[in-house]
> 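One structure follows; several queries about it will come next.
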Amino acid sequence: MVIDNFTAIIFLTQVTPIINNMNQVRAKKYLGQHFLKDMGIAGRIADSLILDGKTSVLEIGPGMGVLTQFLLQNPLIDLTAVELDKESVEYLHQHYPQLNVIEADFLKLDLKTIFPDKFCVIGNFPYNISSQIFFKMLDNKDSIPCLAGMIQKEVAERIAAPAGSKTYGILSVLMQAYYKIEYLFTVHEHVFDPPPKVKSAVIRFTRNEVSKIDCDEQLFKAVVKTSFNQRRKTLRNSLKPLVEAGHPMYADPIFDLRPERLDVAAFIDLTKRVEAALASK
Ligand SMILES: C[S@@+](CC[C@H](N)C(=O)[O-])C[C@H]1O[C@@H](n2cnc3c(N)ncnc32)[C@H](O)[C@@H]1O
């Protein structure tokens, strides 16, 4: 049989197996796939969780298992992985048959059903959904004592930013309210295949043993989100959707401030004022 170039391309496309000839998963941009090549860094990330005895751990986005291989070796870790990419799941089944891997979107996972008790979270996270991962973590904060992983450096800096800094925002306040945050180390682009356009960072969150939040938690979240929805405005202007303009509450000079000036304690105080104003209606 004579195969011209065109026929050869069709032929190759049709017979390309799920795992390609290199026995590697082909990186897909829409899934945020940047595979870590550096075993030293993978080992450091896998070691960064703080474990209190034998612990259930969820790895988000194991890809080809560069972190997974270290996690599976740790006798304290009872590992489950969630991976959205079918090709990666096939790869994991072949290379790590002992791994419990769920083929699903982490954001749609019912965590309470899978982990009725406490569990930790780890991963070299898909950067396109890192904020959503943290909001989901906050929704499950009572079950998650520790999370460690790699995200975009800029996002890690933003979450760890102190009050008063330009990048301080909703996630900084909410995560700092419930977790101790440690920026562990920076990771350069060249250790990934394909390299991302941005630098990365490994960050760790450890749940505060004593809750700082002694106000209504739902209202606290609403006050933080509403305040930052218009971050260039003063609190007097931005909080109007919660408490109507002209309310006596606004006489206090705290409402002259922009939201980035307030640390967690000040947001708790603000929430109590809003709560009192709503109760006095
Ligand atoms: C940055 S890659 C990291 C892969 C691997 N852990 C590594 O370090 O080489 C992110 C991984 O998350 C997976 N992923 C993307 N979106 C996901 C989602 N919504 N739920 C679960 N996994 C997802 C991707 O398929 C990819 O394998």
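Just so you know, ligand 1 is whichever comes first in the structure, and atom 1 is the first atom listed for that ligand. As the structure is a computational prediction, the values presented were derived from the model and not from experiment. Residue numbers run from 1 in the order of the sequence given.
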> What verdict does the side chain to side chain contact (heavy atoms under 4.5 Å, CB included) test give for E260 and R231, after you've listed the backbone C-alpha separation in whole Å, the side-chain angles of each residue and the deciding distance to 0.1 Å?
CA-CA 7 Å; E260 67 262 24; R231 64 177 295 142; 3.8 Å; yes

> Determine, using ring centers only, whether F106 and F125 are less than 6.0 Å apart.
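Between F125 and F106, the centre distance exceeds or equals 6.0 Å.
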
> By side-chain hydrogen bond (donor to acceptor under 3.5 Å, both in side chains), which residues pair with Q132, not counting sequence neighbours?
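By the side-chain hydrogen bond (donor to acceptor under 3.5 Å, both in side chains) rule, Q132 matches no residue at all.
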
> Which residue pairs pass the salt bridge (charged side-chain N to carboxylate O under 4.0 Å, His left out) test when at least one of the two sits in residues 52-80, sequence neighbours left out?
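Counting only pairs at least two positions apart or across chains, no salt bridge (charged side-chain N to carboxylate O under 4.0 Å, His left out) contact touches residues 52-80.
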
> S200: which residues meet the side-chain hydrogen bond (donor to acceptor under 3.5 Å, both in side chains) condition with it, sequence neighbours left out?
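In terms of side-chain hydrogen bond (donor to acceptor under 3.5 Å, both in side chains), with neighbours along the sequence ignored, S200 is linked to Y127.
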
> Looking at K153 and E157, does any basic side-chain N land under 4.0 Å from a carboxylate oxygen?
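So K153 pairs with E157 through a salt bridge.
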
> How would you list, by chain and number, the residues with a heavy atom under 4.0 angstrom from ligand 1?
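Within 4.0 Å of ligand 1, protein side: L31, G32, Q33, H34, F35, L36, G61, P62, G63, V66, V82, E83, L84, D85, A104, D105, F106, N124, F125, P126, I129.
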
